[in-house]
Amino acid sequence: MSKDSTFSLRFWGVRGSISCPGQSHQRYGGNTSCLEVRCGARLLIFDGGTGIRDLGQKLVAEAPLDTDLFLTHTHHDHIAGLPFFAPFFDERNTIRLLAGHLAPAFGLHQVLCQFMTAPLFPVPPQIFAAAVTYKDFLAGESLDLGDGITIRTAPLNHPNGATGYRIEFAGKSICYITDTEHVVGTPDQNILDLIKGADYVIYDSSYTDEEFPSYIGWGHSTWQEGRRLCDAAGVGTLVVFHHDPNHDDSFMDQVAQEAEAARPGTLIAREGMVLTP
Ligand SMILES: [Zn+2]
Ligand SMILES: [Zn+2]
């Protein structure tokens, strides 16, 4: 077992819905969801949005790679970068893909084949040279990854389903809760149970409370609901995440100011930002 207890998380994509690489989005970043988590010598990846391409370029130097790649769900913004993740094309690598929102109606391998298929995409997943495996679990299960790493999960309220994650390592915990829609006035008990006492909670904050009524049914939440959940569950730090592409840098600066006033220490996720619980 590894004695290294370094626990860190780096954001490679913080945006929701669609990438937005324009100049007005450069400070927070325009890539869609992707997180790199290091637990000692182990590498975990969460989501394969467009941000995973840049992560993949960095990981080329780390081959042979052995990694677990967890998907919150398979909407485009969370898988669009997968076909461009360089480690898939190196036969020395072992990559385990996992998702908790598909079984029993669908399977992760089947869904990825439907995504990388003619006439929507030039090559199928069979093009990957790495040893790639696909695992479907049921959101709500706990996964023991060995080396002292436990992943707890919960189903989220999102069209077609999504999985919330809690990563526990070296006595610390980080939760990754996206994509999810709240019901006004009724805190989501699944989320409260999962995030209880966590050091960091990364939360789907696509909208503000003021915008929310116009987007009911789209499957997303607000930074204010994130604050209410974190307060109720005794969470250390809220991290605002899955920024709406319509929210440019100056809008996000304003959110940062209001969130800091409402819950001091609240962070706004940016590409390149690192959390070390
Ligand atoms: Zn999303
Ligand atoms: Zn989604």
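The figures that follow rest on heavy atoms only: side chains count, while hydrogens, waters and symmetry mates do not.
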Seminar exercise, completed: Nearest heavy-atom approach of A99 to Y165 is CA-OH, 4.5 Å
Exercise. Do we see a donor-acceptor contact under 3.5 Å between the side chains of T72 and D47?
Worked result: yes
Exercise. Are I52 and L69 close enough that some pair of their side-chain heavy atoms sits under 4.5 Å apart?
Worked result: yes
Exercise. Are P155 and N190 close enough that some pair of their side-chain heavy atoms sits under 4.5 Å apart?
Worked result: yes
For this session: Give a yes or no on whether E91 atom CD has more than 12 heavy-atom contacts from other residues, nucleotides or ligands under 6.0 Å away.
Result: no
Exercise. So, do F251 and H243 have ring centers that fall under 6.0 Å from each other?
Worked result: no
Exercise. How far does CD1 of I268 sit from OG of S205, to the nearest 0.5 angstrom?
Worked result: 7.5 Å
Exercise. Are D179 and H78 close enough, and set up right, to give a side chain to side chain contact (heavy atoms under 4.5 Å, CB included), and what steps lead you there?
Worked result: CA-CA 10 Å; D179 299 12; H78 298 256; 3.1 Å; yes
Seminar exercise, completed: Taking every heavy atom of S221 against every heavy atom of H182, the minimum-distance pair comes out as OG-ND1, 2.8 Å
Exercise. Between L267 and L275, is any pair of side-chain heavy atoms under 4.5 Å apart?
Worked result: yes
For this session: For a ring pair (Phe, Tyr, Trp, His ring centres under 6.0 Å) with F70, tell me which candidate from F137, Y176, F46 qualifies.
Result: F46
Problem set entry | pair L156-D204: side-chain heavy atoms closer than 4.5 Å | no
For this session: Please report the shortest heavy-atom distance between D4 and A41, naming the atom on each side.
Result: OD2-N, 4.4 Å
Problem set entry | Ring centroid separation F115 to H76 under 6.0 Å | yes
Problem set entry | Check: H220 and D244 side chains under 4.5 Å, non-hydrogen atoms | no
Problem set entry | Aromatic centroids of H247 and H25 separated by under 6.0 Å | no
Exercise. Would a 4.5 Å heavy-atom cut-off, applied to side chains only, mark D253 and Y28 as touching?
Worked result: yes
Exercise. Side chains of Q257 and E260: closer than 4.5 Å at any heavy-atom pair?
Worked result: no
Exercise. So, for H158 and H75, is the gap between ring centers shorter than 6.0 Å?
Worked result: yes
For this session: Answer yes when K58 and D54 have at least one side-chain N-carboxylate O distance shorter than 4.0 Å, and no when they do not.
Result: no
Exercise. Looking only at side chains, do H242 and S206 share a donor and an acceptor under 3.5 Å apart?
Worked result: yes
Exercise. Taking atom types as modelled and ignoring hydrogens, do the side chains of T222 and D209 form a donor-acceptor contact shorter than 3.5 angstrom?
Worked result: yes
For this session: Using a 4.5 Å cut-off on heavy atoms from C-beta on, say whether the side chain of I174 contacts that of D199.
Result: no
Exercise. Is the closest basic N to carboxylate O distance between D66 and R96 below 4.0 Å?
Worked result: yes
Exercise. Who pairs with R38 by salt bridge (Lys or Arg N to Asp or Glu O under 4.0 Å), at least two apart in sequence or on another chain?
Worked result: E36, E62
For this session: Verify, without hydrogens or angle tests, whether H101 (side chain) and T74 (backbone) share a donor-acceptor contact under 3.5 angstrom.
Result: yes
Problem set entry | Side chain E181, main chain G217, donor-acceptor under 3.5 Å | yes
For this session: Tell me, yes or no, whether the heavy-atom count around F106 atom CZ, taken from other residues, nucleotides or ligands under 6.0 Å, exceeds 12.
Result: no
Problem set entry | Aromatic plane relationship, F128 with F88 - under 30° parallel, 30 to 60° tilted, over 60° perpendicular | parallel
Exercise. Would a distance-only check, ignoring hydrogens and angles, find a side-chain to backbone donor-acceptor pair under 3.5 Å from R166 to L194?
Worked result: yes
Exercise. Does V60 share a hydrophobic cluster with F85, counting links as ILVMFWY side-chain heavy atoms below 4.5 Å and allowing steps through other members?
Worked result: no
Exercise. Is I18 atom CD1 crowded by more than 12 heavy atoms from other residues, nucleotides or ligands, each under 6.0 Å away?
Worked result: no
Exercise. Should we count CD of E210 as having more than 12 external heavy atoms under 6.0 Å?
Worked result: yes
Problem set entry | Trace of the side chain to side chain contact (heavy atoms under 4.5 Å, CB included) decision for F7 with E168 | CA-CA 9 Å; F7 188 16; E168 297 181 338; over 6 Å; no
Problem set entry | Centroid-centroid distance, Y203 to F241, less than 6.0 Å | no
